[in-house]
Every structure is written in C-alpha cells, then in structure tokens.
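Contents: one structure, followed by commentary.
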2 protein chains.
Amino acid sequence: MNSKINSRVRLEDLARALKLSIATVSRAMSDSSRVKPETKQRVLSKAKQMGYRSNQIAKSLSSGKTNVLGVIIPRYDEPFFIEVCRGIDYYVRKHDYRILINSSRNSFKYEKENVLAFERGTVDGVAMCFTHETNSYEHVEELIDRKMPLVLFDNISHKIDGAGHVKIDDFSSAVKAVEILIKHKNNSIGYIGGTSKKSVFNQRFDGFVEAHKKHHQSFKTRHVLNCKSYHQEHEFYEVFNFLSKLQDVPNAFFCSTDNYAILCIKALTKLGYKVPQDIEVIGFGNLHYSNMFTPELTCVSQPSFKMGEKVAEMLLNKIDKGFFISNTDQNSEIVLPTKLVYRDTTR
Amino acid sequence: MNSKINSRVRLEDLARALKLSIATVSRAMSDSSRVKPETKQRVLSKAKQMGYRSNQIAKSLSSGKTNVLGVIIPRYDEPFFIEVCRGIDYYVRKHDYRILINSSRNSFKYEKENVLAFERGTVDGVAMCFTHETNSYEHVEELIDRKMPLVLFDNISHKIDGAGHVKIDDFSSAVKAVEILIKHKNNSIGYIGGTSKKSVFNQRFDGFVEAHKKHHQSFKTRHVLNCKSYHQEHEFYEVFNFLSKLQDVPNAFFCSTDNYAILCIKALTKLGYKVPQDIEVIGFGNLHYSNMFTPELTCVSQPSFKMGEKVAEMLLNKIDKGFFISNTDQNSEIVLPTKLVYRDTTR
DNA sequence: CTGTTAGCGCATTCAG
DNA sequence: CTGAATGCGCTAACAG
C-alpha cells in the first residue's frame with residue numbers, strides 16, 4: 001500500500017474526530033437533506049480544517065460513475081480535433097464531468113487500444129472520431145455491446161447501430177464551395193485533398209464532382225491530387241511537385257482542408273501565380289489561423305467547437321438516460337450547418 | 001448500482017467458471033510467477049472467451065495507483081501546449097500511463113480548480129504550466145504537501161520547492177535572436193510581446209533589453225508593444241494600430257511568439273512594407289505552421305515535444321522513487337536548448 | 001435525522 | 001502453487 005494514500009484523511013477520520021458515523025459524514029459531504037443542518041455544518045468545517053479531499057476512485061467504485069468521458073481523436077496536432085475537444089470540455093465541465101483525451105496517432109491499431117482502455121471502467125461514455133485507416137468496426141460494436149454510451153463525430157462513413165453521430169454535410173458543403181468557383185466563370189477547377197480512404201475527403205471530392213455535373217462542366221483527372229504524405233513539409237513538396245508538373249494549371253482550386261489550401265497557395269505563389277488574381281482558392285475548415293495568412297483564406301467554415309458541444313450534449317444525454325437512443329431515433333444523428341466565409345483568396 | 005457495472009464479468013465470474021479462487025485468477029492475470037503455467041493458460045483463455053476486462057477503478061482503489069497523469073495547461077488553443085502534451089503522451093504511453101489534460105482557460109480560478117480535482121486521487125502525478133494570471137502558489141504547495149509528484153514546465157517565474165522544473169532559457173534565446181538583428185545593422189529594433197505579467201514574456205523582453213545593452217545600442221519605448229488582447233482578431237488590430245501610429249517604424253522586430261510575428265508581418269504588409277527587404281522579423285516558438293506562411297518565418301525554435309518528453313520522464317521518475325527529488329537536487333531543473341531557425345523573414 | 005451493515009472489484013497478506 | 005480472508009474509501013440499503 002502506498003504511503004500517499006494512507007496519509008490522506010478519510011471519511012473515517014472525520015467521523016472519529018466528530019464522534020459520528022461514516023454514513024452521516026458521507027451524507028453531509030454530499031449535501032444530503034437527510035442530515036441536520038447543524039451537523040452538516042460541523043462536518044463541513046471539520047473537513048475543511050483537516051484538509052479532507054474525497055477519494056474519487058473510491059467514489060467511482062462504489063457508485064459506478066467516474067464522471068469522466070473518454071475522447072478518442074485521430075491525432076493531437078490537427079487544430080480541428082483540438083477545437084472539438086475544447087467544445088466537449090466546455091460543455092461537460094458545466095455538468096461536473098472531465099475529459100480524458102486519447103490520440104490514435106493516425107493508426108487503427110492505436111485506436112483499438114484506446115477503445116480497449118475505455119472498456120476498463122475508467123470512463124462513463126466515449127466520444128470518438130475514426131482514423132483514416134479505420135475500415136472495420138468490431139471494436140466500437142463491442143463497446144456498444146458492453147453498454148458504453150458512444151457518440152461518433154466528423155469522419156463517419158456509415159452509421160453504427162446504437163451510437164450517436166455528429167457531423168457536417170461534407171458533400172453539400174463541397175458542392176456549394178465549388179459552385180462559387182463555377183459561378184466565377186472558372187472553366188477549369190482543380191482539387192487537392194487527402195488520402196481518399198478517409199470518408200470526409202471522399203465526400204468532399206464527391207461534392208466537387210457533383211457541382212461540375214450539376215453545371216454541366218467537366219474537370220480533368222490530372223487536376224486532382226490526393227495527397228499521401230502526412231508531414232507538413234512532405235505535403236508541401238507533394239503539392240508543389242503536382243502543380244509544377246502541370247502544363248495547364250486550372251483557374252481555381254477547391255481544397256479539402258485549409259491546410260491543403262494554404263500549401264496550395266504557397267506553391268502557386270512560388271510558381272509565380274497570384275492568388276486570387278490569377279487563380280482562386282477555397283479551403284475547408286476555417287482553422288483559427290486561416291485568417292492570419294496573407295491573403296486571408298476563403299473557406300467553408302466548419303463549426304468545430306459547436307460540434308464538440310453537440311457531441312457532449314448527446315453523450316451526456318445517453319448517459320443520463322441509462323439506455324441507448326436507438327439508431328432510428330431522430331436524435332441519433334446531428335448534421336451541423338457549415339457556411340462559406342468569403343475572404344481574400346477568391347475574387 | 002449501475003446495470004452496466006453489474007453486467008460485466010469479474011474475476012469472481014472467471015473463478016467460478018474455472019473452479020479456482022479469485023486470488024489465483026488475479027495472479028494469473030497479472031502474470032505472477034507464483035501460478036502454474038498451465039492454470040495461467042486456462043485462466044487467460046477463459047478470460048478471453050468470456051470477454052473479461054479488468055476494472056481499472058477497482059485496481060486503482062486496491063493498489064493506490066491509477067496509471068494516469070494529470071496535465072494542466074493554460075489553454076487548449078495554443079499549439080505549443082498541445083505539442084508539449086503530445087510529448088508527454090508519447091513518453092508515458094511507453095510506460096503504460098495515460099494523461100488527463102485539463103485546461104485552465106487562461107484563468108487562475110480554473111487553474112486552482114484543476115489542481116483541486118487532482119487532489120482527489122484520480123492521478124499519480126501532475127504536470128502543469130501556470131497561466132499568465134497566476135501570482136500565488138499555495139495551490140501547488142498544497143499539492144506537494146499532499147505528496148503529489150509535480151513537475152512544472154515552461155512558464156516558471158520562481159522555483160517551487162519539491163517540484164521539478166522543465167523550461168528553456170527564454171532570456172538567452174531572446175538575446176541571441178536580437179543580436180542577429182543587431183548584427184544585420186538594424187539600428188532601430190521593435191518588440192512585440194504578450195501580457196508582461198507572464199514570466200516567459202518578461203524574460204524574452206529582458207533578453208531584448210540585454211542584447212541592446214551588450215551592443216551599446218538603444219531602443220525606444222514607443223517601439224515596444226505588450227498586447228493585452230487574447231483573440232486573434234483583436235490581437236491583429238492591436239498590432240496594426242500600434243504599427244500604423246508609429247512615425248518612425250523600426251527596421252526590425254523581435255516578437256515574443258510566432259503568433260505575434262505573423263500578425264506583425266501581416267500588419268506590415270498591409271501598411272506597404274516588404275518583409276524582409278524593408279523590415280526584418282524574428283519570432284519565437286517554431287509552431288508547426290510557422291513555415292507555411294509566405295515568407296516563411298525566421299524564429300527561435302523551442303523544443304516543445306521534447307519538453308513534454310522531459311516533463312514526463314521527470315514525473316515518472318518522481319513517481320517511481322516514491323519521494324521527492326529535492327529542489328537542490330541537480331535533477332530538479334532541466335533547461336532545454338533552443339536554436340535559431342533561419343528562414344525568409346530575415347535577410 | 002443517524003448508525004449498522006454490506007458491498008463495489010481487485011490485490012495481497014497469511015496459511016496451507 | 002493455491003485458497004481464505006482482509007482492506008482500499010466510499011455509497012446505499014435497511015433499521016431505528
């Protein structure tokens with residue numbers, strides 16, 4: 001046994017000092033109405049005097065509640081996910097919950113590990129976003145079988161029965177963005193996106209295609225890049241190489257993230273093009289730094305903080321209800337609206 | 001009692017199914033050598049078959065160890081802190097620990113709340129960075145009195161007895177950066193930094209002053225800005241206003257963060273100056289996006305990920321030793337080296 | 001309003 | 001090598 005634990009003052013110590021039973025002290029601490037106001041006062045002041053801190057672990061074991069939510073994100077170093085976490089955190093703190101964030105480091109293997117860890121009773125519910133590698137769902141289905149409240153967000157390729165879902169309409173948002181470029185009389189539009197396995201990228205690309213179809217316009221496959229790199233610098237070179245090899249550079253680009261848009265602009269600038277005079281660019285995300293660049297980025301604004309709040313709200317609801325909102329329930333999916341933010345990379 | 005908990009399979013269920021005692025099953029699960037290899041196998045396969053997951057809460061209560069570290073950062077939306085968290089996470093996972101990140105939302109009040117939460121036995125140790133508001137230290141001293149291993153990082157104004165400290169040499173790094181600007185024959189150098197209460201900003205500013213002193217050069221107080229705003233846009237306007245009101249714009253700027261440097265460059269560009277041809281700028285931090293801007297930012301590179309690893313290493317050491325490395329111990333402070341990264345905002 | 005008792009699930013003595 | 005018994009600190013029936 002650990003000396004740290006033993007040296008702490010427990011309910012029993014308070015009880016002894018006050019010549020009360022542990023039960024009464026416990027009630028007083030949890031502000032139960034079933035205890036005389038006077039003794040409640042005595043307990044509280046004694047607790048303060050002796051520096052009592054309740055042991056959350058013991059509380060959890062006894063009550064079956066940890067007041068902690070597990071959050072699994074693909075990676076830490078993507079501001080979007082951090083924004084979502086902020087939103088979750090902001091919401092749940094108001095309800096006396098905390099969040100335990102685990103990164104999957106872009107790997108399905110770690111994602112499964114993270115899910116496993118949360119099956120060990122340390123959290124009351126789980127919010128998660130799949131990595132781009134994730135293509136099987138036994139791990140989350142198991143989580144649900146174990147009756148763990150679960151809410152998925154952002155990258156949802158297909159619905160998981162028993163889980164909640166919070167997302168944006170990637171497809172329609174992309175359509176709208178590309179339509180802007182089409183309306184601006186760009187007859188040749190390029191696309192730069194990420195690994196196509198990742199559902200959101202697929203959907204944004206599909207939107208790109210749809211917008212063309214809708215307006216009876218065509219695009220060229222050689223104007224489409226699906227980046228395979230994962231580090232800023234590699235990504236930049238991939239984008240730069242792609243652009244520099246093109247004989248016919250498009251008049252506009254739709255990029256599936258702000259990051260790609262910024263790299264795209266940087267590469268175009270390096271190649272001597274002016275944005276937006278020569279070429280227009282639209283990004284996707286609206287990261288906190290997307291307006292720090294010169295020119296400021298025009299992009300689809302994704303409500304990341306809000307998404308976090310909604311995820312949290314849904315998750316706490318599931319926990320409170322003690323059972324699962326079925327997949328057919330209207331509450332099991334929330335689609336948040338996006339909006340186009342016009343700044344300086346479009347004309 | 002929660003149905004979720006009751007429906008789980010416990011050691012007792014395994015024991016019954018195998019006609020063994022709980023103790024033996026427990027030993028088998030923890031791979032004790034004091035159990036026959038054959039029965040260990042039986043237990044393990046039965047556990048797998050029945051979908052057993054050990055209850056971490058019960059384990060923690062019994063063992064006095066949670067295998068979780070608490071991390072308190074001033075805010076989520078500053079990439080530097082996230083990088084440090086990544087470093088901590090990366091290191092501790094190798095030792096079977098997880099991290100619970102709490103944001104203080106830039107407020108001393110929340111910081112104290114976070115510390116309090118960690119006094120409730122949910123973590124085995126705490127890593128933290130003070131907010132810019134923090135000016136008293138009873139809360140962390142109490143943490144130490146309660147024998148909680150503690151490591152402070154980044155923003156350390158004075159050492160806390162009993163805690164570990166990990167930082168960079170903000171003062172010297174700033175001196176070196178400003179010396180570069182002086183060597184480039186800039187006879188008028190400006191400074192843009194954050195709230196001066198925050199120790200790191202103070203120290204960087206002191207370095208700015210020292211470099212001037214060392215080279216017998218002077219600077220003008222009207223060329224110094226300590227931003228009070230906290231949101232990107234407000235900050236930008238504060239910087240822009242500051243610069244636009246100057247009759248004599250300096251030939252160079254030293255900024256106490258990359259963020260300020262970027263805003264500074266944006267404002268200068270807007271005012272018609274060219275960076276670095278007309279004005280040189282050096283930032284501080286080397287955020288992941290500091291090389292995405294055009295021109296790429298020259299800056300002091302802070303080893304944030306490494307800082308996280310060091311924090312984690314020190315903290316796990318403290319936990320393992322079960323007592324505290326005293327403040328006089330050489331291990332109680334680590335100062336990490338910085339380096340200047342030359343890119344395109346200096347000539 | 002208060003006390004007694006029995007768990008929560010696991011680790012760990014102490015016997016054998 | 002295995003089992004019985006105890007306790008980690010707290011909550012929650014049940015009694016009074």
Side-chain angles (χ1 to χ4, degrees), chain A residues 1-44 46-47 50-67 119-122 124 146, chain B residues 1-44 46-47 50-67 119-122 124 146:
Chain A
M1 295 302 112
N2 184 322
S3 75
K4 183 174 73 198
I5 299 287
N6 286 346
S7 72
R8 297 183 48 166
V9 14
R10 304 152 303 163
L11 283 186
E12 192 187 332
D13 302 316
L14 286 179
R16 188 152 27 207
L18 290 160
K19 300 200 192 311
L20 285 172
S21 73
I22 298 183
T24 304
V25 177
S26 170
R27 288 192 196 100
M29 294 304 300
S30 55
D31 201 35
S32 161
S33 58
R34 288 171 42 198
V35 54
K36 210 198 301 179
E38 184 203 320
T39 49
K40 194 186 287 184
Q41 261 317 311
R42 281 179 59 215
V43 171
L44 258 39
K46 196 68 171 179
M50 295 180 69
Y52 174 73
R53 295 281 178 272
S54 66
N55 182 325
Q56 182 59 46
I57 300 292
K59 265 176 127 153
S60 298
L61 182 60
S62 175
S63 67
K65 284 208 59 181
T66 61
N67 275 46
E119 288 178 352
R120 305 203 120 83
T122 46
D124 294 341
R146 290 174 186 276
Chain B
M1 294 305 112
N2 185 320
S3 75
K4 182 174 71 197
I5 297 288
N6 287 346
S7 72
R8 296 184 49 166
V9 13
R10 305 153 301 164
L11 283 186
E12 191 185 333
D13 303 316
L14 286 180
R16 189 154 25 210
L18 291 160
K19 300 201 191 309
L20 284 172
S21 72
I22 298 182
T24 304
V25 177
S26 170
R27 288 192 195 99
M29 294 305 298
S30 53
D31 201 35
S32 160
S33 57
R34 288 171 42 199
V35 52
K36 212 197 303 180
E38 184 203 320
T39 49
K40 193 185 290 185
Q41 261 317 312
R42 281 180 59 217
V43 171
L44 257 40
K46 195 66 169 181
M50 296 179 69
Y52 173 74
R53 296 279 180 274
S54 66
N55 182 324
Q56 182 58 46
I57 299 292
K59 266 177 128 152
S60 297
L61 183 60
S62 175
S63 67
K65 283 208 59 175
T66 61
N67 274 43
E119 289 178 352
R120 305 205 120 84
T122 46
D124 294 341
R146 289 175 187 274

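Convention: sequence-line order gives letters A, B, ...; per-chain numbering from 1.
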Gap between atoms NZ and P, on A:Lys65 and C:dG9 respectively (whole Å): 17 Å
Partners passing salt bridge (Lys or Arg N to Asp or Glu O under 4.0 Å) against A:Arg120 (at least two apart in sequence or in another chain): none
Pairing residues for B:Arg42 by the salt bridge (Lys or Arg N to Asp or Glu O under 4.0 Å) criterion, not counting sequence neighbours: none
Euclidean distance, atom CD1 of residue B:Ile57 to atom C1' of D:dT11 [Å, nearest integer]: 15 Å
N/O donor-acceptor pair under 3.5 Å between B:Ser62 side chain and B:Ala58 backbone: no
Heavy-atom side-chain contact between A:Asn55 and A:Arg10 under 4.5 Å: no
Among A:Val25, A:Thr24, A:Val43, side chain to side chain contact (heavy atoms under 4.5 Å, CB included) partner for A:Leu11: A:Val25
d(CG, B:Leu11; C1', C:dC10) in whole Å: 6 Å
Rounded distance in Å - CE (A:Met29) to P (D:dA12): 15 Å
Under 3.5 Å: donor-acceptor pair, side chain of B:Arg34, backbone of B:Arg27: no
Any A:Tyr52 side-chain N or O less than 4.0 Å from OP1/OP2 of D:dG9: no
Rounded interatomic separation in angstrom, taking CG from A:Asp13 and C1' from D:dC10: 13 Å
Length of the line joining B:Arg8:CZ and C:dC10:P, which is rounded to integer Å: 7 Å
B:Leu61 CG to D:dG7 C1', straight-line distance once rounded to whole Å: 9 Å
Using the 3.5 Å cut-off, write out each protein N or O paired with an N or O of nucleotides 2-5 of chain C and the distance between them.
from, atom 1, to, atom 2, distance (Å)
C:dT2, OP2, A:Lys36, N, 2.9
C:dT2, OP2, A:Thr39, OG1, 2.9
C:dT2, O4, A:Arg34, NH2, 2.9
C:dG3, OP2, A:Ser21, N, 2.9
C:dG3, OP2, A:Ser21, OG, 3.1
C:dG3, OP2, A:Thr24, OG1, 2.6
C:dG3, N7, A:Arg27, NH1, 3.4
C:dG3, O6, A:Arg27, NH2, 2.3

Sugar-phosphate only, base, or nothing, as touched by B:Ser54 at under 4.0 Å among non-hydrogen atoms: sugar-phosphate
Whole-Å distance separating the CG atom of A:Asn55 from the C1' atom of D:dT11: 13 Å
